[in-house]
Amino acid sequence: MIRKLLEEKYGKFITDTLINERNEIFRENSNKDGIEEQNEVIRALKEFKDDAGRNLVPDFFWNNKVDWGFDFSSWIGDYNNKDFFFIGAEPHIYNNFQVVYDFGNFKGLTLKETALQHFNRDNDIWSYLTRIFVSDLTLETQTDFLNKCYITDLCHAVPKGCGQVKDICEKLSIKSGDWKKFRSSVAKRFLLKEIEAVNPKYVILHGNASRDFFQSELGLLFTEDYKIENSIYSIKTGELNGYKIISIPHLKGDVRNKLWKCLQYPERPESAKKILNEIIKYKRHINIII
């Protein structure tokens, strides 16, 4: 089921390039930047349809000739048994296609070896995210946690070289409302189906855009709001379609050093860990302390 959905989302060529027959995704097959790959990205974009068969990409998005890139939903191991489904906004991408936050298997390495590679990159999201989630850090607990993570974006397509909505709009000569409408239409077309296919225990929205989409477009009501100590940040929770939804501050950008890896105010990440420990009732092979 997941492969068919990903083929609809990214096109068969890109899906087959990144994923093998065991539904394992490999980092080494991403970051492609050839003419053939760009043609396949454009082909997939032009084939995007909503449920009524209408084009998802507005005609005026093609007024300026730009190269586009895709951020491919990512995981390690195979796609089964993913408990944590992370959702961001849109990528900052320079390639025709890549995996989200470089999260994928390494060719020739076992699952444990792959997890260790991700964990040992100290400034990488997967290193500090694991430290937030796992109390008893061993190779086994690191592997177990990372093997249960799946990450994607509201909108996986963006003009190459753009990191902010402002940059996207300038490159396409459109208004911010045009882009946000497109981003929402892509999310509505694919995201809920992708969540159902993965069937996680927790859907974790990181950043304002994904939280706002779930509130304004899907009708999510947050029933709890936990303030993170000595900060402007908070963690919110709610439920939608039977899934536990957790909204957290963005995992990258400025928030990384102001919260998740904050050395000046260590009470901030510790407070976030404590809050998340109260929210997530997760007991399997590892003890979660978030």
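Position 1 is the first residue of the sequence; numbering continues from there.
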Tell me whether the NZ or CZ atom of Lys252 lies within the 45° cone about the ring axis of Tyr101 and under 6.0 Å from its centre. yes
Do the ring planes of Phe84 and Tyr202 sit parallel (below 30°), tilted (30 to 60°) or perpendicular (above 60°)? parallel
Answer yes if the ring centres of Phe145 and Phe119 are under 6.0 angstrom apart, and no otherwise. no
Start with the C-alpha distance between Thr152 and Lys9, add both sets of side-chain angles, then the distance that settles side chain to side chain donor-acceptor pair (under 3.5 Å), and finish with yes or no. CA-CA 12 Å; Thr152 193; Lys9 186 175 179 181; 3.1 Å; yes
Salt bridge present between Lys4 and Glu7 (N-O < 4.0 angstrom): no
Minimum side-chain heavy-atom gap Tyr150-Pro200 below 4.5 Å: no
For the residue pair Thr141 and Asp136, confirm or rule out a side-chain donor-acceptor distance under 3.5 Å. no
Min side-chain heavy-atom separation Leu154-Glu90 under 4.5 Å: no
State whether a side-chain donor-acceptor pair under 3.5 Å links Asn147 with Lys82. yes
Specify whether Phe106 and His118 have parallel, tilted or perpendicular ring planes, treating 30° as the upper limit for parallel and 60° as the lower limit for perpendicular. tilted
Parallel, tilted or perpendicular for Trp68 and Phe61, by the 30°/60° rule? parallel
NZ/NE/NH1/NH2 to OD/OE distance under 4.0 Å, Lys236 and Glu224: no
May I ask you to decide whether Lys166 forms a salt bridge with Glu170, counting only side-chain N to carboxylate O separations under 4.0 Å? yes
Testing Glu47, Glu8, Glu194 for salt bridge (Lys or Arg N to Asp or Glu O under 4.0 Å) with Arg189, which one passes? Glu8
Is any side-chain N of the basic residue among Arg3 and Asp16 closer than 4.0 Å to the acidic one's carboxylate O? yes
Are the aromatic ring centres of His156 and Phe72 under 6.0 angstrom apart? no
Strictly below 4.0 Å, N to O, side chains only: are Lys112 and Glu140 in salt-bridge contact? yes
Could you please spell out the steps behind the side chain to side chain donor-acceptor pair (under 3.5 Å) verdict for Thr17 and Asn29? CA-CA 6 Å; Thr17 299; Asn29 291 351; over 6 Å; no
Beyond-backbone contact of Ser234 with Ile248, side-chain heavy atoms, under 4.5 angstrom: no
Of Lys160, Gln38, Gln98, which is the lone residue that meets side chain to side chain donor-acceptor pair (under 3.5 Å) with Asp33? Lys160
